[in-house]
> 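Have a look at this one before I ask anything.
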Amino acid sequence: GNRNVNIVIVGCGIAGIAAANRLVKSGFNNVRILEATGRSGGRIKTGRLGDKVIEIGANWIHGPSEGNPVFCLARQYGLLDPEALTPENQALDTGGHLPWVSNIFSSSGRKLNVEDISPAAELFTELLGESSEFQNQKGEPYPCVGDFIRSEVRQRAAERWKDLDSATRSLQLCAISSMLKRECCINGAHSLDEVGLGAFGQYKILPGLDCTFPGGYEGLITNLMAELPDGLVSYNRPVRCLHWSNTEEKQDSVTVECEDGERIVADHVIVTVPLGYLKRHHSSLFQPPLPLHKLHSIQRLGFGTNNKIFVEFDAPWWDADCDAIQLVWEDEDELVDQVPDVQRSWIKKLFGFTVAKPIERYGHLVCGWIAGHESEYMETLSEQEVTLAITQLIRRFTGNPSITPRRVLRSRWFHDPWTNGSYSHLATGCSEQDLENMMEPLPQKGLKARPLQVLFAGEATHLCYFSTVHGALLTGWREADRLVSHYSSSHPSERPTS
Ligand code: 6YU
């Protein structure tokens with residue numbers, strides 16, 4: 001039975017670990033994970049800044065409520081703060097917009113009031129909501145979210161803000177640029193001009209007020225790994241090529257060729273490598289090559305960069321109740337989310353900071369967010385160059401020339417060779433079908449070749465929770481279940497005999 005079935009999982013992120021857990025619990029004893037790096041967790045990566053716990057990768061449980069398996073596991077393992085467990089917290093329907101207290105600073109060194117830019121904030125929220133409503137309507141007025149928001153802002157501003165003086169009006173448009181940049185971070189996209197409008201509503205938000213792991217997101221990984229047999233993961237073992245078969249003649253197993261030359265024979269392989277890695281390496285990773293429809297979806301789907309810059313201070317320059325710091329460039333062209341001169345002005349893409357709370361735990365620590373090509377360029381700079389840019393930025397926006405960071409640390413997801421970016425989004429021209437194509441196993445149904453040789457899991461294969469940890473986890477379970485049900489329903493003759 002299941003005992004003899006040989007399953008190799010490529011990648012030890014949350015999707016790979018979830019798949020292994022489900023398979024082992026279902027009686028598959030011959031499961032192993034091949035992981036390129038020396039650690040498990042992938043884009044769940046907890047680090048330290050001094051003695052403070054920081055998240056280099058995934059930050060929040062998005063929508064922590066009963067329907068979220070990450071929330072349920074974290075609760076079961078005792079990894080959450082009591083507030084996150086309350087029914088009120090779980091029931092909060094934020095629609096993805098957190099009820100945060102913001103401090104707003106402008107490039108002329110002024111601290112603005114929230115009300116100063118509330119016309120912009122209200123309009124932006126409204127348009128973001130409307131952007132999700134073109135789903136399956138085949139009637140979206142523009143190809144991308146960026147075009148839609150820009151054009152609607154211009155039209156509605158002309159009507160609604162006609163009584164505002166020109167400086168106030170101009171400030172609203174600059175504030176919207178900052179909001180566009182924030183939305184680039186959320187979507188993991190260079191620009192909203194690259195995010196498709198027709199499928200924007202495909203992403204679903206669960207109820208619950210987003211929460212963090214006080215001891216680090218990796219606690220989830222540690223607990224899940226503890227349930228797996230020792231030695232199941234081989235570290236520092238990158239996979240170079242998967243030799244599968246799309247013909248009837250060659251009904252044999254899949255051969256997994258590792259970079260060190262080792263060849264491992266498997267009945268089934270579950271691939272969980274990031275979309276960014278697939279975009280770069282699909283042609284060498286699959287032999288024979290992927291079917292065209294799958295390849296095209298890999299190329300069409302978006303996978304951008306979102307990085308964090310952690311900055312620690314001796315004393316706060318924000319209010320005690322502040323959760324987020326928003327930066328508004330007043331001298332920029334209005335309604336832009338891309339910086340014209342990346343090398344000189346990359347820092348303008350950083351939309352603001354989130355404040356680490358509570359201060360008893362984190363001290364005076366903020367996390368800056370920067371997406372896109374500007375973020376990828378930032379990764380090439382030295383730590384001193386980044387620190388200098390951040391210092392100048394904060395001095396300018398606060399008007400306080402003596403603020404000096406104590407420590408700075410940034411993530412570099414684009415240059416991570418096993419990720420090549422941060423997470424996926426539905427780019428212009430994408431639809432649900434692309435995600436369907438992503439998750440489709442090889443060989444395709446209808447071919448006479450042995451079924452389910454190569455299966456696909458990972459964040460970028462979930463229909464509505466792509467780009468998240470819970471999405472990735474669910475895809476690992478989904479592919480494990482696919483194999484479980486195959487072996488519980490298939491004819492004995494289909495079972496590999498080894
Ligand atoms: C979430 C959050 N969060 C911030 C940042 C990042 C991400 N996410 P993995 O990559 O983990 O595993 C693959 C493994 O494969 C890996 O170990 C590789 O080393 C290995 N590998 C590669 N090649 C190999 C080879 N050849 N051989 C062997 N091994 C190989 N998610 O829920 N909350 O706050 C954030 C955030 C900076 C980078 C995030 C967040 C995304 C998750 O981290 C990510 O989805 C999963 O960890 C992926 O797991 P996996 O197993 O699939 O891959 C409207 C609309 C909007 C739509 N989007 C809105 C949602 C917002 C998303 N939020 C993200 C925000 C943050 C801040």
Side-chain angles (χ1 to χ4, degrees), residues 8-19 33-45 55-64 68 70-71 95-96 128-129 131-132 145 183 185-189 195 199-206 210-213 217 220-221 233-242 256 258-259 271-278 280-281 284-285 302 304-308 354 367 369-371 375 410-414 416-426 456-462 464-476:
V8 167
I9 298 167
V10 184
C12 195
I14 188 77
I17 296 168
I33 300 180
L34 305 178
E35 165 56 43
T37 69
R39 56 177 284 276
S40 35
R43 281 171 275 173
I44 294 175
K45 186 175 186 182
E55 303 292 359
I56 312 290
N59 215 81
W60 294 283
I61 302 181
H62 289 308
N68 187 327
V70 171
F71 172 71
L128 214 51
S131 299
S132 295
V145 176
E183 207 52 32
C185 288
I186 293 171
N187 284 274
V195 178
F200 193 63
Q202 184 70 25
Y203 178 78
K204 294 289 176 295
I205 293 160
L206 289 163
D210 289 7
C211 65
T212 56
F213 289 74
Y217 226 124
L220 177 67
I221 300 295
V233 186
S234 303
Y235 294 103
N236 303 307
R237 187 60 71 86
V239 167
R240 178 167 35 198
C241 183
L242 300 172
V256 180
C258 297
E259 228 147 71
V271 176
T272 77
V273 302
L275 174 59
Y277 183 89
L278 278 181
R280 281 203 195 176
H281 301 288
S284 49
L285 191 59
T305 303
N306 177 20
N307 275 311
K308 306 179 182 184
T354 48
C367 173
W369 296 86
I370 179 165
S375 186
R410 43 58 205 266
S411 63
R412 298 166 98 169
W413 286 103
F414 182 68
D416 181 322
W418 311 109
T419 313
N420 303 126
S422 297
Y423 40 89
S424 60
H425 60 271
L426 293 181
F456 292 84
E459 164 266 305
T461 73
H462 197 281
C464 60
Y465 302 140
F466 55 86
S467 77
T468 67
V469 172
H470 55 284
L473 178 101
L474 287 167
T475 66

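Every number for a ligand or one of its atoms is a count from 1 in the order of the listing.
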> Protein N/O near ligand 1 N/O, under 3.5 Å, which pairs?
residue	atom	partner	partner atom	Å
ligand 1	10 (O)	Arg43	NE	2.7
ligand 1	10 (O)	Arg43	NH2	3.3
ligand 1	11 (O)	Arg43	N	2.9
ligand 1	17 (O)	Glu35	OE1	2.7
ligand 1	17 (O)	Glu35	OE2	3.2
ligand 1	19 (O)	Glu35	OE2	2.7
ligand 1	26 (N)	Val239	O	3.0
ligand 1	26 (N)	Tyr277	OH	3.0
ligand 1	27 (N)	Val239	N	2.9
ligand 1	29 (N)	Ala36	N	3.1
ligand 1	31 (N)	Val469	N	3.4
ligand 1	32 (O)	Val469	N	2.8
ligand 1	33 (N)	Trp60	O	2.8
ligand 1	33 (N)	His62	NE2	3.3
ligand 1	34 (O)	Asn59	N	3.0
ligand 1	34 (O)	Trp60	N	2.8
ligand 1	45 (O)	Thr468	O	3.1
ligand 1	51 (O)	Ile14	N	3.3
ligand 1	51 (O)	Ala15	N	3.0
ligand 1	52 (O)	Glu459	N	2.9
ligand 1	53 (O)	Arg43	NH2	3.0
ligand 1	58 (N)	Ser467	OG	3.3
ligand 1	63 (N)	His62	NE2	3.1

> Measuring from atom OG of Ser411 to atom CG of Asn307, what distance do you get when rounded to the nearest 0.5 angstrom?
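Reported value, rounded in 0.5 Å steps: 3.5 Å.
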> Give the ring-plane orientation class for Trp60 versus Trp369, where under 30° counts as parallel, over 60° as perpendicular and anything between as tilted.
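Trp60 and Trp369: parallel rings.
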> Report the distance from atom CG of Asn59 to atom CZ of Phe213, rounding to the nearest 0.5 Å.
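The CG atom of Asn59 sits 11.0 Å away from the CZ atom of Phe213.
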> If we only count heavy atoms from C-beta on, is the His462 to Leu474 side-chain gap below 4.5 Å?
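Answer yes - side chains close enough.
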> Does Arg410 reach the side chain of Ile370, with side-chain heavy atoms less than 4.5 Å apart?
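With C-beta onward as the side chain, the pair stays apart.
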> Contact between Leu426 and Tyr203 at the side-chain level, heavy atoms closer than 4.5 Å - yes or no?
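With C-beta onward as the side chain, the pair stays apart.
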